[in-house]
Number of protein chains: 2
Amino acid sequence: MLARMMTVRESAFVEEMGQALAAYGMTPMAGRMWGWLLICDPVEQTAGDLADALQASRGAISGTARMLATAGMIRRTKRGGDRREYFSAPPEVFDQFLANAGRIYRHFREVTERGLAAMADRPPADRARLQELHDVFAFVEQEVPAVVDRFLRERAGGAGRKDRSA
Amino acid sequence: MLARMMTVRESAFVEEMGQALAAYGMTPMAGRMWGWLLICDPVEQTAGDLADALQASRGAISGTARMLATAGMIRRTKRGGDRREYFSAPPEVFDQFLANAGRIYRHFREVTERGLAAMADRPPADRARLQELHDVFAFVEQEVPAVVDRFLRERAGGAGRKDRSA
DNA sequence: CCCAACATTCAGTCAATACTGAACCTACGG
DNA sequence: CCGTAGGTTCAGTATTGACTGAATGTTGGG
C-alpha cells in the first residue's frame, strides 16, 4: 500500500482499457484491473493494492479478479507465510488468452448448430444461409490453434525473422 | 405481414442469438434480428415484417437495422416502385463479417500503443509485458486476412478439399 | 484456542442502456 | 399540392447489471 498514484496518462490508459473490454462483454472494472496490472510496479499486486490504485471496493476486486483469472488473463499466486494473494499479468498468460479466443467462435458455432436443428424440417435451400455461417465459425475455431502456434514460433525465432511469405 | 409465427425452437434460437451477441457488445435486439434473418422465409423482410416477428417497436427495428448494416452483418435493399426497404442476411455478408474481426484486434493494438506511450519514461523491463501483449494483437490483426483467404479458398475448392498441411 | 488479517459473498443502490411510442421527416401517388 | 405509407429520431421508461460495503468465511500467528 501507499504506492505512488497513477499518472494522468496511466490513468487514461487504464480507463481506456476498461472501456475497451466493456465493449466486448466484460465489465469496465475488469478492463481497468487488467490495464493496471499491465503497467504497474511492482508487477505483483495484492487485492489491497488494487483496491487502492483503482479506487474500488474489496468486493469489486474479488469478483473481478476471479473473472479475469477464469478468462486466463491474469495469474493469482500465493506465498507461504503470507496470507495475501498476488495478482499479475505476466507475458505467459497472453498465449492462453489468445487461445481462448477460439471459445468465442465455438460458442457461436454451437448456437448455429442448435438453429440448424430447429430448421430440420425445412428445405435445404432455406437452411443454406445458416449452414454457411456455421461453416465460417467452425473454420475459424479450427484455425485458432494454428495461428497461436505461428505466433509462438515467430516469437521464438527472434524478432528479426518475419517469414511472411504469402 | 401476417407471416406465420415462429415455432418454439425457432424462437429459442432467435433468443439465444440475442443473448450471444449481447454478450459481445451488441444489443439483444441486434442478435434477435440477425437470428431471425438467418432462418426466416422469405429471405427478405421488411421493417414491418421484422417488427411483427420480433414483437418490437418500429424505432427499435430502425436503430438495430442500422447497427447490423454498419457492422456488415445484414444487407438492406430497395426496389423501384416500392417504398419499403428489405433486409436480409445472405451468405455473402459473412465473409465481410469475418474480416471485421480484425478491427477488434486493431482496436486493442492501438490501446496498447497508447499505453506504451504513457510508459515512455519507464525502464524497458517494465514495458516488456505490455509490449508483448501489443505484439500478440498486432500479429493476429495481420493474420486475419490470411485466415479469411484460406476459408474462401477452401470453400471455393469444394467441401472435400482440406489442404491443412502444417 | 482466540485474535487479527485477508478474502469472499450478497443484498441493496445507483448508473447505464435497451426499448417504446409518438412526433417528425421523406417520397411517391393521385 | 395534399394524402398516405414507410422510415427515422428522440425523450421517457423500464430493465439490466456493475459496484458498494457490511456481514460472513478462512487462514496463519500468538
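In this structure, A/Y86 atom OH and C/dA5 atom C1' are separated by 13 Å, rounded to whole Å. For the pair B/E85 CD and C/dC25 P, the interatomic distance rounds to 20 Å; values are reported in whole Å. One can place CE of B/M26 at 15 Å from P of C/dT17, the figure rounded to the nearest angstrom. When the P atom of D/dG6 is taken as reference, atom CG of B/L50 falls 14 Å away, rounded to whole Å. Between the C1' atom of D/dA18 and the CE atom of A/M33 lies a distance of 13 Å, rounded to the nearest Å. Between the CD atom of B/E44 and the C1' atom of D/dG6 there is a distance of 17 Å, given to the nearest Å. The separation between B/R83 atom CZ and C/dG30 atom P is 9 Å, rounded to whole Å. Taking atom CG on A/D49 and atom P on C/dA5, their separation rounds to 16 Å, with Å as the unit.
Proximity note for B/A47 (side chain, C-beta onward) versus D/dG7, C/dG29, C/dT9: the nearest is D/dG7. Taking only side-chain atoms of A/S57, from C-beta outward, the nucleotide of C/dT8, D/dG21, D/dG7 with the closest atom is D/dG21. Checking C/dT9, D/dC19, C/dA27 against every side-chain atom of A/R66, the shortest atom distance belongs to C/dT9.
Mapping A/K78 and B/S62 onto DNA chain D by nearest heavy atom places B/S62 closer to the 5' end of the strand. Take the nearest nucleotide of DNA chain C for B/A30 and for A/I61: the residue whose nucleotide is more 5' is A/I61. When the nearest nucleotides of DNA chain D are assigned to A/M67 and A/D82 by heavy-atom distance, the more 5′-ward of the two goes with A/M67.
We find that A/D82 and A/K78 are not joined by a salt bridge, their nearest charged nitrogen and carboxylate oxygen being 4.0 Å or further apart.
Aromatic ring orientation, B/W34 versus B/F94: perpendicular (interplanar angle above 60°, classes split at 30° and 60°).
Residue A/A56 is in sugar-phosphate contact alone, with no base atom involved, counting any heavy-atom pair closer than 4.0 Å across all strands shown.
Side-chain nitrogen and oxygen atoms of B/T27 include at least one within less than 4.0 Å of the OP1 or OP2 phosphate oxygen of C/dC19. In terms of phosphate contacts, B/R58 brings no side-chain nitrogen or oxygen within less than 4.0 Å of OP1 or OP2 of C/dA22. The side chain of A/R84 contributes no N or O atom lying less than 4.0 Å from OP1 or OP2 of C/dA4. Applying the 4.0 Å criterion to OP1 and OP2 of C/dT8, one finds that A/R76 has a side-chain N or O inside that range.
By the side-chain contact (heavy atoms from CB on, under 4.5 Å) test, B/Q19 is found to be paired with no residue, residues two or more places apart in sequence or in another chain being considered.
Taken from CZ in A/R106 to CG in A/N100, the straight-line distance is 9.5 Å, to the nearest 0.5 Å.
Between A/M29 and A/A60, the shortest heavy-atom contact is CE-CB, 4.2 Å.
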